[in-house]
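Single-structure report; data block below.
In what follows, chains carry the letters A, B, and so on, assigned in the order in which the sequence lines appear, proteins first and then strands, with residues in each chain numbered from 1.
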Protein chains: 2
Amino acid sequence: MKEIEKTLESKSVRPTAMRILIYKYMAEKEIAVALTDIENAFAKSDRTTLYRTLKTFEEKGVVHQIDDGTGIHKYALCEPGCNCELDQDLHLHFHCANCDETVCLTEHKIPHINLPEGFIAEDANLVIKGICEKCSGQ
Amino acid sequence: MKEIEKTLESKSVRPTAMRILIYKYMAEKEIAVALTDIENAFAKSDRTTLYRTLKTFEEKGVVHQIDDGTGIHKYALCEPGCNCELDQDLHLHFHCANCDETVCLTEHKIPHINLPEGFIAEDANLVIKGICEKCSGQ
DNA sequence: GTAGCGATGCAACGGAAGTGCATTTATTGT
DNA sequence: ACAATAAATGCACTTCCGTTGCATCGCTAC
C-alpha cells in the first residue's frame, strides 16, 4: 500500500484514498480497464472522479490509454520502463472476441512501417483480435 | 452512374437512389467517411437510412469498416480485390492528427506477428497516426 | 391491382465522454 | 492553530454517436 503511495508521488500525483484504490484495482486486474469497470467495482464511486483520476494518471504517465477497437477508452498501468508518452513503447494489444478483455503484450513491439512520401508517423496502434489464452484453453 | 448500379447489383444490393448517391459520395472522397460526414453532405438524408445503408454495404462487402482510433466508425469502399471479410486484406490505415482524415494504405499490409502461446489471432488492426501528405506539404 | 417485402423516415433510447459549478478536503504561509 | 489558497470530489447536465421499434412508402412479383 505504501508502495502505491510512493509510486504515485514519484509521478507527481497526490496519493488520495480514491487514487490508491484505483491504482490497486488496476494493478490486480492484469487487463486494460474501462471507466465503467472501475465504476462497477466501487459502488461508492462517482464517474466524474474516476474520469478525472484516469485523466490525471494518463497525463502524469501512471497509465496509458488503450484503443482496442471497441470504441471504449481503456487504461492499463505503465510498466516500470514504459515510455508511452514518448512514443517509444509501441507495444501491441490483444483484444479477445470472446471475453472482451484486452491485454498489453508489452514484449511485442510494433514493427516499423515505411510510409508513402509525405506521410509523417507520430504514433501507431496495433490491435490483434482473436481468442486469448484463457478462452482458448477452455 | 450505371457503373455504380452494376456494382451494387453484383453484390446483391438493390441500387436505390439513396444508395447510389452514398456510393458516389464515398467514391469521390478518397478517405474514410463517417456516418456524420454523409449526413452533412446530404441535407435531406436521414441518419437511420444512412446507418442501415452502411450496414448493408458492409454486410454485402461493398465497404469495410475502419477503426481509426477516434472511436467513430468510418467506412471506405472495398477495392476490386478487397477480401476484407476474409481477413485477408489486412491493410493499414493512416489517421492524420491535423485534418482528422483517415486514408487506407492498401498497398501496405500488416506484418505477421508471433503471439504468445494460447493466443489465436483472427483479425488485426494497425493505425498509424501522424501528419498526412496533404497537411505536411503545407 | 393487390399482396408482400424491402427501403425509408420519425422518434426515442442508451452508453460513454466530457463540462460547469458547488462543495469538501488537503496544503501552505503566517 | 488559523486563515487563505489550491486541489480533489461529487452532482447535474450536455453532447455525440450508435442503435432500435414502429409506421409508412414504394417497388416487385404474382
Side-chain angles (χ1 to χ4, degrees), chain A residues 4-25 32-60 62-76 95 100-102 125, chain B residues 4-5 7-25 32-60 62-76 95 100-102:
Chain A
I4 297 177
E5 283 189 43
K6 290 256 174 68
T7 308
L8 291 180
E9 275 169 355
S10 75
K11 305 222 179 181
S12 320
V13 175
R14 278 161 59 172
T16 67
M18 199 66 221
R19 288 174 175 177
I20 294 172
L21 281 176
I22 294 174
Y23 190 100
K24 193 153 168 273
Y25 173 77
V33 298
L35 199 152
T36 311
D37 295 332
I38 309 179
E39 199 183 357
N40 293 336
F42 300 101
K44 286 198 173 185
S45 63
D46 178 74
R47 277 212 19 253
T48 314
T49 305
L50 302 177
Y51 171 73
R52 287 198 247 252
T53 299
L54 287 174
K55 209 172 168 188
T56 305
F57 276 11
E58 194 189 358
E59 283 165 5
K60 305 292 183 163
V62 179
V63 302
H64 58 267
Q65 203 184 60
I66 297 168
D67 161 37
D68 64 359
T70 59
I72 294 169
H73 293 181
K74 296 189 180 176
Y75 301 85
H95 176 71
D100 198 45
E101 292 188 348
T102 302
N125 185 37
Chain B
I4 297 176
E5 282 189 42
T7 309
L8 291 180
E9 274 170 353
S10 76
K11 305 222 179 182
S12 321
V13 176
R14 278 164 56 174
T16 66
M18 200 66 221
R19 286 174 177 177
I20 293 172
L21 282 175
I22 294 175
Y23 190 100
K24 192 152 167 274
Y25 173 78
V33 299
L35 198 151
T36 311
D37 296 331
I38 310 180
E39 199 181 357
N40 294 335
F42 301 101
K44 286 196 172 185
S45 63
D46 179 75
R47 276 174 52 80
T48 314
T49 305
L50 302 178
Y51 171 73
R52 286 198 248 250
T53 299
L54 287 174
K55 210 171 167 186
T56 305
F57 277 11
E58 195 191 356
E59 283 166 3
K60 304 292 183 167
V62 178
V63 302
H64 59 266
Q65 203 183 61
I66 296 168
D67 161 37
D68 65 1
T70 60
I72 294 169
H73 293 180
K74 296 188 179 176
Y75 300 85
H95 176 70
D100 199 45
E101 293 188 347
T102 301

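Between B/His95 and the choices B/Asp100, B/Thr70, B/Asp67, the side-chain hydrogen bond (donor to acceptor under 3.5 Å, both in side chains) rule is met once, by B/Asp100.
Residues A/Ser10 and A/Thr7 share a closest heavy-atom pair of OG-O, 2.6 Å. When all heavy atoms are compared, the tightest approach of A/Leu21 to A/Phe42 is O-CZ, 3.7 Å. The heavy-atom pair separating A/Ile72 from A/Ala34 by the smallest distance is CG2-CB, 3.7 Å. A pairwise comparison of heavy atoms in A/Ile20 and A/Ile4 identifies CG2-CG2, 4.0 Å as the closest pair. The two residues B/Arg19 and B/Arg14 make their nearest non-hydrogen contact at NH1-O, 3.0 Å. For B/Ala32 against B/Asp37, the heavy-atom pair with the smallest separation is O-OD2, 4.5 Å.
A/Arg52 contributes atom CZ, which lies 5.5 Å from atom OG1 of A/Thr48 (distance to the nearest 0.5 angstrom). How far CG of A/Leu8 is from OG1 of A/Thr56: 11.0 Å, rounded to the nearest 0.5 Å. Here B/Leu50 contributes atom CG and B/Phe57 contributes atom CZ; the two are 10.0 Å apart, rounded to the nearest 0.5 Å.
Counting any heavy atom pair closer than 4.0 Å across all strands shown, B/Arg19 reaches sugar-phosphate atoms only and no base atom. If you check every strand for non-hydrogen atoms under 4.0 Å, A/Thr48 touches a base. Counting any heavy atom pair closer than 4.0 Å across all strands shown, A/Lys44 reaches no nucleic acid atom. Nucleic acid contact for A/Thr36: sugar-phosphate only, since backbone atoms but no base atoms lie under 4.0 Å from a heavy atom of the residue.
Toward the 5' end of DNA chain C, the nearer of the two residues A/Gly71 and A/Arg52, judged by each one's closest nucleotide, is A/Gly71.
Of all the residues in residues 6-15 of chain A, A/Arg14 reach under 4.0 Å from DNA chain D with at least one non-hydrogen atom.
Looking only at side-chain heavy atoms (C-beta outward), B/Leu54 and B/Ile38 come within less than 4.5 Å of each other.
A nucleotide of DNA chain D counts as in contact with chain A when one of its atoms lies under 4.0 Å from a heavy atom; the first and last such, 5' to 3', are D/dA7 to D/dA12. The span of DNA chain C lying next to chain A, judged by atoms under 4.0 Å from heavy atoms, is bounded 5' to 3' by C/dA16 to C/dT27.
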